[in-house]
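The next block holds one structure in the form of structure tokens; read it before the comments.
On a predicted model such as this, the values are computed, not experimentally measured, just so you know.
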Amino acid sequence: MKIDRDFRMMKGDDKFSYAKNSRIQRRAILATRPMVEKAVREMCIDLHPQSMVIVDLGCSFGGNTLLFISEVITTICENRNSALEESTMEVQFFLNDLPGNDFNQIFQSLEQFEQLTKQHCACRGLQPPPYYVAALAGSFYTRLFPSNTVHFFHSSMSVMWLSQVPENLDGSMNEGNVHIGATTRPMVAKLYQNQFEKDFMQFLRMRCREIVHGGRMVLTVVGRKSKDVFDAGRTTTIFELLSQGLRTLVAEGRVEKEKLDSFNIPIYCPSVDELKQLVWQNNLLDISDIQLFEMDGNPMDDLEPIEGTAATQATGQSMSATLRAAIESLIASHFGDSILDELFTVFAHNFTRYIESEVEKSTITVITLYLQAKH
């Protein structure tokens, strides 16, 4: 599996696309809006840039990408009308993701977005700054920009994805599991932890070369409350249920056992303490704020209300579609696409049974870091 080549959110706008199945990710952007607004306001006041460069790392596509841009423009509008009044500041947005991302979808949506932004600002008596949107394909674990050119880095629900399957995780070391599961050996969990530490340190090193002195970052990841790497709440449950689905297909002869044993999803959910420690080790950034919050993990919250058994089944199907939108590319590159429908049907069934037996409604743990580059 080569992440740069094989990994992408599902394109288009059909029923399994990321555009139609990213409500949980949208909820994270909305929940962290106050921290993003604070970072942008403080940066405008402290740095007074005439031309501001803002980067969204792991931007994906669809409404969530444009939601972030809208938040920033609104905040800058309000700031110009107060602290900076006659400022002529221009804003350059760079949207970054891997080369397989559906950048075309973003640019096809921009004209309508610009019209809506003008209307939204005009209704509030605000004047949006001149702004420009460009795409930049590439891994955020590499250098992306010249030195000292970026004022604000943002990333939501992306930096927990690793640059690769953990080094030295080979063969059947994680037998029957696609991630850190109940039967995963501690040695395998440690390999995941080591890979995240290596990747996150690399990520911070690259960004510290690119960010201006006093620049800001707001990074949001799926994390965990527990110090125990085996307990990342609902995230652990989701991957455990996916493993169960693949084991079912192995038992039915649809998937080779060796294929399952050699498949590991490159994602790691860090704790607050792990993130703090890695930022401190970097020594070039100050932690202005760090927040952990529990987010509703129901992917159906903005759909028509359904009750009873039908609601439970619909939630299972919706969670299956949400997971499929995120990892179908990885599954297909390793197992082939012939098992996709069957696998995610089994997952939907397993997830439905899980939430039917759930004693306490589980949530998704999200951690947001607000960082400032040292002067």
* **Side chains of Met52 and Tyr131 in contact at under 4.5 Å (non-hydrogen atoms)** => no
* Do NZ/NE/NH1/NH2 and the carboxylate oxygens of Asp46 and Arg41 come within less than 4.0 Å? -> no
* Which residues share a side chain to side chain donor-acceptor pair (under 3.5 Å) with Tyr268, sequence neighbours left out -> Arg224, Glu274
* **Under 3.5 Å side-chain donor-acceptor pair for Thr183 and Asn177** => yes
* To do: I would like to know whether Cys59 and Thr65 meet side chain to side chain contact (heavy atoms under 4.5 Å, CB included); could you show each step before the answer?
  => CA-CA 6 Å; Cys59 66; Thr65 305; 4.1 Å; yes
* Does Ser158 use its side chain to pair, donor to acceptor, with the backbone of Ser155 at less than 3.5 Å? -> no
* Examine distances only and state if a side-chain atom of Gln105 and a backbone atom of Gly62 form a donor-acceptor pair shorter than 3.5 Å. => yes
* Between Thr32 and Thr368: side-chain donor-acceptor atoms closer than 3.5 Å -> no
* To do: Apply the test salt bridge (Lys or Arg N to Asp or Glu O under 4.0 Å) to residues Arg185 and Glu175: give CA-CA distance (whole Å), side-chain angles for both, the deciding distance (0.1 Å), then the verdict.
  => CA-CA 9 Å; Arg185 289 185 281 178; Glu175 185 177 0; over 6 Å; no
* Asked: Under 3.5 Å, is there a donor-acceptor pair between the side chain of Ser70 and the main chain of Leu66?
  -> no
* So, Asp286 and Arg216, do they make that salt bridge, N to O below 4.0 Å? -> no
* To do: Kindly give the cluster partners of Tyr132, where membership spreads through any ILVMFWY side chain lying under 4.5 Å from a current member.
  => none
* To do: Could you tell me whether a side-chain N or O of Asn21 sits under 3.5 Å from a main-chain N or O of Lys15, the two making a donor and an acceptor?
  => yes
* To do: May I have the step-by-step check of side chain to side chain contact (heavy atoms under 4.5 Å, CB included) for Ile180 and Thr236, ending in yes or no?
  => CA-CA 7 Å; Ile180 301 173; Thr236 296; over 6 Å; no
* **Mutual orientation of the aromatic rings belonging to Trp161 and Phe7 [parallel < 30°, tilted 30-60°, perpendicular > 60°]** => tilted
* Asked: Do any N or O atoms from the side chain of Lys259 and from the backbone of His334 form a donor-acceptor pair under 3.5 angstrom?
  -> yes
* **Salt-bridge present (Lys38, Glu71; N to O < 4.0 Å)** => no
* **Expected output: side-chain Glu210 to main-chain Asn148 donor-acceptor under 3.5 Å** => no
* Asked: Any donor-acceptor pair under 3.5 Å linking the side chain of Gln195 with the backbone of Glu167?
  -> yes
* Asked: If only atom types and distance count, is the side chain of His151 paired as donor or acceptor with the main-chain N or O of Val53 below 3.5 Å?
  -> yes
* Do the numbers put Arg207 on top of the ring of Phe203, so that NZ or CZ is under 6.0 Å from the six-membered ring centre and no more than 45° off the axis? -> yes
* Inspect the surroundings of CZ in Arg353 and state if more than 12 heavy atoms from other residues, nucleotides or ligands are less than 6.0 Å away. => no
* Does the Ser318 side chain pair with the main chain of Thr315, one donor and one acceptor, at a distance under 3.5 Å? -> no
* To do: Report the relative orientation of the aromatic rings in Phe200 and Phe196; use parallel for angles under 30°, tilted for 30 to 60°, perpendicular for over 60°.
  => parallel
* Using 30° and 60° as the class limits, which term best fits the ring planes of Phe152 and Phe68: parallel, tilted or perpendicular? -> tilted
* Quick one: list whatever passes ring-ring contact (aromatic ring centres under 6.0 Å, His included) with Tyr192, sequence neighbours left out. => His179
* Asked: Between the main-chain N or O of Leu162 and the side-chain N or O of Asp199, is there a donor-acceptor pair closer than 3.5 Å?
  -> no
